[in-house]
Amino acid sequence: MATRIALVGIGKIALDQHVPALAASPDWQLAATISRHGQVPGIPAFTYFATFLADCPDVPVVSLCLPPVPRFDYAEAALKAGRHVMLEKPPGATLAEVHELEALAKAKGLTLYATWHSRMAHAVAPAKAWLQDKTVQKAHITWREDVRKWHPGQDWVFQPGGMGVFDPGINALSILTEILPRPVHLTKARLEFPENRQTPIAAQLTFSGNVTADFDWRQQGPQTWDIEVATDKGHLALRMGGNVLEIDGRPVAGENTIMGEYPALYARMADLLRQGTSDVDLSPMVHVADALTLGERITAAAFDF
Ligand code: NAP
């Protein structure tokens with residue numbers, strides 16, 4: 001039988017990905033939405049989360065599609081009300097608040113899933129398997145996209161806690177932390193802040209193990225979401241945000257589409273519920289926090305949508 005679920009924060013990602021993924025899955029029934037402005041046709045809609053929690057005790061799971069800063073209050077209220085919780089990425093505004101949610105979920109015997117949609121990209125698992133017995137000599141991430149396309153008019157990305165270019169960059173870091181056979185740590189960062197904004201629009205990162213990253217939100221036209229890894233036994237490239245795997249220049253696995261990621265997240269959540277466990281890996285966010293701690297700040301040209 002399908003599990004009833006509520007979506008909170010009906011904005012870009014809820015409509016682009018969560019609603020279609022739920023509609024296509026036999027595991028789930030979208031039973032309610034909670035949003036101050038957004039709705040999904042045909043689905044009972046609530047404006048206030050407290051009203052939903054009081055009125056719908058028969059909806060055991062909530063999926064929070066809000067930006068990271070307001071998310072904690074919703075997640076805490078949901079767990080306290082006995083609901084299992086799925087968190088969009090990045091899982092919170094701070095690491096400590098997510099640790100607190102993890103402890104609360106454990107104490108209540110509930111599932112908390114800090115999702116990383118890019119880890120579900122088609123070629124990430126095969127890339128991880130291929131790298132398992134290799135020695136990584138060098139790796140480079142190029143993650144360049146147009147903020148106006150992916151976050152049209154969303155001022156929160158440039159406000160404190162919005163993380164700026166790390167909002168997409170953390171997707172690359174979620175793949176890196178999944179596929180590398182050994183962990184790395186940040187050693188240097190250069191962050192470009194538009195003169196009128198609170199978060200970086202570009203970042204260049206250096207990690208231990210000869211790993212580097214170039215994140216930029218000012219790219220026009222097609223995005224570049226590539227990870228290249230040189231090893232003792234050949235060259236791996238992940239393209240299209242982890243959806244296509246090339247070994248020594250030849251495509252060997254994956255599919256050139258991002259549309260498999262959210263269905264896979266909801267399948268994983270269904271598995272976690274069946275197993276009665278949580279999945280909270282904060283390693284991608286640790287790198288972002290380190291970059292914001294260690295990074296050199298450069299002032300860049302003002303940015304407006
Ligand atoms: P969004 O459209 O700006 O926000 C989603 C919804 O959250 C809004 O429509 C709004 O709904 C609600 N919301 C915003 N601020 C709020 C606040 N202060 N308090 C309560 N509710 C608030 O953002 P999005 O692009 O969907 O991103 C949401 C999350 O998904 C982010 O963490 C982002 O990193 C992640 N994500 C986004 C994309 C993408 O392509 N944009 C891709 C993957 C993941 P109401 O006004 O109706 O309440």
Side-chain angles (χ1 to χ4, degrees), residues 6-22 32-41 43-53 62-78 85-95 97-98 101 113-121 124 143-175 198-200 215 217 219 223 225 240-243 257-266 269 282 284-285 288 305:
L7 282 183
V8 187
I10 304 302
K12 182 162 178 19
I13 199 61
L15 295 172
D16 285 1
Q17 296 287 348
H18 291 256
V19 171
L22 289 170
T33 61
I34 303 93
S35 211
R36 299 162 308 174
H37 308 95
Q39 292 193 8
V40 176
I43 305 296
F46 294 80
T47 307
Y48 299 107
F49 196 48
T51 313
F52 157 77
L53 290 173
V62 298
S63 181
L64 303 182
C65 311
L66 314 150
V69 169
R71 207 179 300 128
F72 174 84
D73 290 343
Y74 288 80
E76 185 188 42
V85 172
M86 254 174 103
L87 303 170
E88 249 300 348
K89 50 62 51 171
T94 69
L95 292 162
E97 70 177 41
V98 188
L101 294 175
Y113 180 20
T115 67
W116 298 109
H117 66 85
S118 291
R119 280 190 180 169
M120 296 302 191
V124 171
W143 223 254
R144 290 171 162 255
E145 62 179 51
D146 183 352
V147 62
R148 291 187 177 92
K149 173 176 166 66
W150 299 99
H151 294 281
Q154 294 178 6
D155 276 318
W156 65 262
V157 297
F158 286 115
Q159 289 164 357
M163 295 189 198
V165 76
F166 290 109
D167 180 88
I170 204 168
N171 298 334
L173 297 174
S174 76
I175 296 175
Q198 297 284 323
T199 62
F215 299 158
W217 243 351
Q219 175 141 318
Q223 61 284 321
W225 294 325
M240 269 305 290
N243 280 292
T257 169
I258 61 173
M259 294 310 287
E261 297 171 17
Y262 281 79
L265 289 181
Y266 279 102
M269 182 65 180
L282 294 180
M285 197 165 148
V288 174
F305 282 105

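Residue numbers count from 1 along this sequence. Remember, it's 1-based here, ligands and their atoms both numbered in the order they're listed.
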message: Counting the benzene-type ring for Trp, do W150 and W143 have ring centres under 6.0 Å apart?
response: no
message: For Y266 together with H18, are the ring centres under 6.0 Å from each other?
response: yes
field: Any residue meeting side chain to side chain donor-acceptor pair (under 3.5 Å) with Y262, in chain and number order, not counting sequence neighbours
entry: E88
query: Which is it for W156 and L66 under the side-chain contact (heavy atoms from CB on, under 4.5 Å) test, yes or no, and what are the steps along the way?
result: CA-CA 11 Å; W156 65 262; L66 314 150; over 6 Å; no
- prompt: R71: what forms a salt bridge (charged side-chain N to carboxylate O under 4.0 Å, His left out) with it, not counting sequence neighbours?
  reply: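 By the salt bridge (charged side-chain N to carboxylate O under 4.0 Å, His left out) rule, R71 matches no residue at all.
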field: Partner residues of K149 under the salt bridge (charged side-chain N to carboxylate O under 4.0 Å, His left out) criterion, sequence neighbours left out
entry: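 Expected list: none.
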field: First-shell residues of ligand 1 [heavy atom, distance under 4.0 Å]
entry: G9, I10, G11, K12, I13, S35, R36, H37, G38, C65, L66, P67, P68, P70, R71, Y74, E88, K89, P90, H117, W150, H151, Q154, W156, D167, Y262
